[in-house]
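Everything numeric here is computed off the predicted structure, so don't read it as measured data. Side chains included, hydrogens not; waters and symmetry mates left out as well; all remaining heavy atoms used.
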Amino acid sequence: MESPPPPPSLQELDAAENIILVWDSTASEEARERMIFDGQRDEIDRYLQAVDEIQRSLSSATLASEGEQSKLNSAIQIAMARLEDEFRNILLNHTTPIEPDSLSSADPSSSTHSCVADSNSEFEDYSAEDDGGLTTPKASSVYAGDVDELLQRGDSSNTSSYRSASSIRELDLIPSDAVFDLRNIAERMIAAGYLRECIQVYGGVRKGAVDSSFRKLGIEKLSIGDVQRLQWEQLETKIRRWIRAAKACVRTVFASEKKLCEQIFNGIGTAIDDACFMETVKGPAIQLFNFAEAISISRRSPEKLFKILDLHDALMDLMPDIESVFESKSSESIRIQAVEILSRLAEAARGILSEFENAVLREPSRVPVPGGTIHPLTRYVMNYISLISDYKQTLHELIVSKPSTGSRYSGDPTTPDMEFAELEEKTPLALHLIWIIVILQFNLDGKSKHYKDASIAHLFMMNNVHYIVQKVKGSPELREMIGDDYLRKLTGKFRQAATSYQRATWVGVLYCLRDEGLHVSGSFSSGVSKSALRERFKSFNAMFEEVHRTQATWLIPDTQLREELRISISEKLIPAYRSFLGRFRSHIESGKHPENYIKYSTEDLETAVLDFFEGYSVSQHLRRRSQ
């Protein structure tokens, strides 16, 4: 083992002291204006050697007198003040902002969830009569802008692209020759007992560099209270920015700062590099994660779910990198904060889904939608759960319990029952989605009772359940979770509603075309009662005209469904009328004013049926009749 060098001689100490005093900035204007480490290498080495000799002499305990020791202590204090200035100057001279390209490249997977939803028009008109837990769409961008943004993310099959491997990208923040000088200074300051001063100078300069990167990334200094006072529309933009910024901060900014600390301080003392790293980034890291924490504890509402899931996925993706960058004991608080935020975001997502289910069930609007068309609530809910299905990978991990149904609400007339026995193979998330559809139908059934006409009530249910079926069929993820068995049940329900509509509307009309009650017999004559026949034609005409007048203003938005129902009506109505007309036309035409009773040919009826379910206004319908 190599023995330590001997203490310097008195002549060497005097020379060393003179070198120190020459660079005393408190005593020399020239020393104040020049920096040692901006000069020649031999000059730098002489100064460092002088510091080493004085420090070695102080450590050797061989000084002749207290006066000599005091003199050397004074010299080392002057040297440390000078080295502190030199340390700061080197850091400042070589602290340059990280290039934006370097920050953006920290996010190699910039795409997010693939989401498929209806256009904005599906969200424009929904408004509850009072606060039933679902916000008016125009006041919340989950119904418009947020859905647009989700739609524009593309159809990538990678519906959870946040799940990526560690993507840390360390940059060399300071050139190697400057790192060499900084390490030389740090070694001497720490050996002389100036560790605290060294850490403070380092942290003060590098924190400024981190703050500069934060500004480039658009990270604002907002407290948790500040965040919670912002409108949701403002927060949505900030969340998108935060997700990009957090990746750049953890993977590039913080990781590069850690690398620099290790380059300068590693091996000099126990965990000094960790101490300098935390001095630099602890405040910025808390500032960064406080934003996500504020979102995780904010008031819950349905429109926040997807951004909360985005935050959750982004943070989950970052966790391996956070654990790597903040691996030391001194940075444990940062790791714990990230884990706790992740847990609260998961709980917030579960809570929002539960509250959404309750809001759908209790949505209070009572005014029937005109024409029996699709209720805005149906459009909103089905688009919402279509988006939920696009987050299925995340939600499968978060949703681990079944919805609160069945026994809890058994016998409650205000809540539907749902049997789980036939759905045992379904995941908890799938059960929640099916439950939302069940309570939506339950709510719609209650709304249908506000129609005074049973026919339009059935048409309303047919339209809405058919829309539910089409939305499930149109989303492969949703269809997979709902399953074809339950989809067949839904299909059966809208077909049953169509059958009930036809029965409510057309049984009475077709009843006019029966033979019963038209034939008479007596002692003098037998045959058809013309008066009864005329009344029968008048009744048919009146009933059909009323149906035509009313149901031309009703609306079936789906073209195929509208055509299928018209065909079904024609298949029952036209043959029955044609047969009735064939049997009894001659009896009417042989009398007076037959045109008052036979108002329609079969072709007229076929044409009239084509007006049904077009959603005409009354004025439009009158104009068409006059043509």
Side-chain angles (χ1 to χ4, degrees), residues 16-17 19-21 23-27 31-32 35-37 44 47-61 69-95 173-174 178-212 253-254 256-287 325-335:
E17 183 182 2
I19 292 173
I20 299 298
L21 294 176
W23 290 99
D24 182 3
S25 57
T26 64
R32 280 195 294 273
M35 301 302 293
I36 301 171
F37 283 78
I44 296 170
Y47 191 86
L48 293 177
Q49 184 179 356
V51 173
D52 290 342
E53 288 177 351
I54 294 174
Q55 183 61 35
R56 193 163 67 250
S57 179
L58 285 170
S59 302
S60 68
Q69 184 170 359
S70 175
K71 183 179 174 184
L72 292 178
N73 278 330
S74 176
I76 206 69
Q77 288 174 8
I78 293 171
M80 290 302 108
R82 182 73 202 198
L83 287 178
E84 183 178 323
D85 290 340
E86 297 285 342
F87 193 75
R88 181 183 294 105
N89 185 64
I90 295 171
L91 285 171
L92 289 172
N93 286 344
H94 295 284
T95 294
L173 299 177
I174 293 179
V179 169
F180 177 78
D181 288 340
L182 289 168
R183 185 173 177 88
N184 276 328
I185 295 172
E187 286 175 341
R188 287 155 177 84
M189 290 185 69
I190 292 167
Y194 284 75
L195 170 62
R196 182 168 173 271
E197 290 80 358
C198 186
I199 290 176
Q200 286 178 340
V201 169
Y202 181 88
V205 174
R206 292 310 306 171
K207 264 194 283 192
V210 174
D211 287 342
S212 175
V253 178
F254 294 160
S256 299
E257 290 293 340
K258 182 181 181 184
K259 177 184 178 182
L260 181 60
C261 287
E262 291 171 348
Q263 289 174 326
I264 296 172
F265 298 103
N266 187 41
I268 296 178
T270 304
I272 293 175
D273 53 339
D274 285 337
C276 286
F277 175 59
M278 287 308 293
E279 178 75 14
T280 302
V281 305
K282 184 173 183 178
I286 291 172
Q287 175 189 341
V325 173
F326 297 98
E327 63 183 343
S328 67
K329 180 68 175 177
S330 62
S331 57
E332 183 180 25
S333 61
I334 303 298
R335 297 197 307 274

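One finds a salt bridge joining Lys329 and Glu332 here, because a Lys/Arg side-chain nitrogen approaches an Asp/Glu carboxylate oxygen to under 4.0 Å.
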Show, in sequence, the C-alpha distance, side-chain angles and deciding distance for Ile334 and Met278, and conclude whether the side chain to side chain contact (heavy atoms under 4.5 Å, CB included) test is met. CA-CA 10 Å; Ile334 303 298; Met278 287 308 293; 3.9 Å; yes
Yes or no on side chain to side chain contact (heavy atoms under 4.5 Å, CB included) for Ile264 and Asp273, after CA distance, side-chain angles and deciding distance? CA-CA 8 Å; Ile264 296 172; Asp273 53 339; over 6 Å; no
Before giving the answer on side chain to side chain contact (heavy atoms under 4.5 Å, CB included), spell out for Val325 and Glu257 the whole-Å C-alpha distance, their side-chain angles and the decisive distance to 0.1 Å. CA-CA 10 Å; Val325 173; Glu257 290 293 340; over 6 Å; no
Tell me, with the steps shown, if Trp23 and Leu83 meet side chain to side chain contact (heavy atoms under 4.5 Å, CB included). CA-CA 10 Å; Trp23 290 99; Leu83 287 178; over 6 Å; no
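Using cut-offs of 30° and 60° for the angle between ring planes, the Phe277 and Phe326 rings count as tilted. Ring geometry for Phe265 against Tyr202 counts as perpendicular: the plane angle is over 60°, on a 0 to 90° scale with 30° as the lower cut.
With rounding to the nearest 0.5 Å, the separation of CG in Asn266 from SG in Cys261 is 10.5 Å. Rounded to the nearest 0.5 Å, atoms CG (Leu92) and CZ (Arg206) are 10.0 Å apart. Distance check: Ser328 OG to Lys258 NZ gives 6.5 Å after rounding to the nearest 0.5 Å. Note that CD of Gln200 and CZ of Arg196 are 4.0 Å apart. Values are rounded to the nearest 0.5 Å. Annotation: the span from Thr280 atom OG1 to Lys207 atom NZ amounts to 7.5 Å, rounded to 0.5 Å. Atoms CD and CZ, on Glu86 and Arg188 in that order, are 13.0 Å from each other to the nearest 0.5 Å.
The two residues Ile20 and Ala75 come nearest to each other via the heavy atoms CG2-O, 3.3 Å. In terms of heavy-atom proximity, Thr26 sits nearest to Asp24 at OG1-OD1, 2.7 Å. For the residue pair Met35 and Arg82, the shortest heavy atom distance occurs at CA-NH2, 3.5 Å. Here the shortest heavy-atom pairing between His94 and Ala178 reads CD2-CB, 3.6 Å. Annotation for Glu84 and Val201: closest pair CG-CG2, 3.5 Å, computed over non-hydrogen atoms. Among all heavy-atom pairs drawn from Ser25 and Asp85, the shortest one is OG-OD2, 4.3 Å.
Within the 4.5 Å cutoff, side-chain heavy atoms of Ile268 are placed close to those of Arg183. Lys282 is listed as a side-chain neighbour of Ser333, based on a closest heavy-atom distance under 4.5 Å.
Other residues, nucleotides and ligands place more than 12 heavy atoms under 6.0 Å from the CZ atom of Arg32.
Of the listed residues (Asn93, Leu182, Ile90, Asp181), just one forms a side chain to side chain contact (heavy atoms under 4.5 Å, CB included) with Ile174, and that residue is Leu182.
Residues satisfying the ring pair (Phe, Tyr, Trp, His ring centres under 6.0 Å) criterion with Tyr194, sequence neighbours excluded, are absent altogether.
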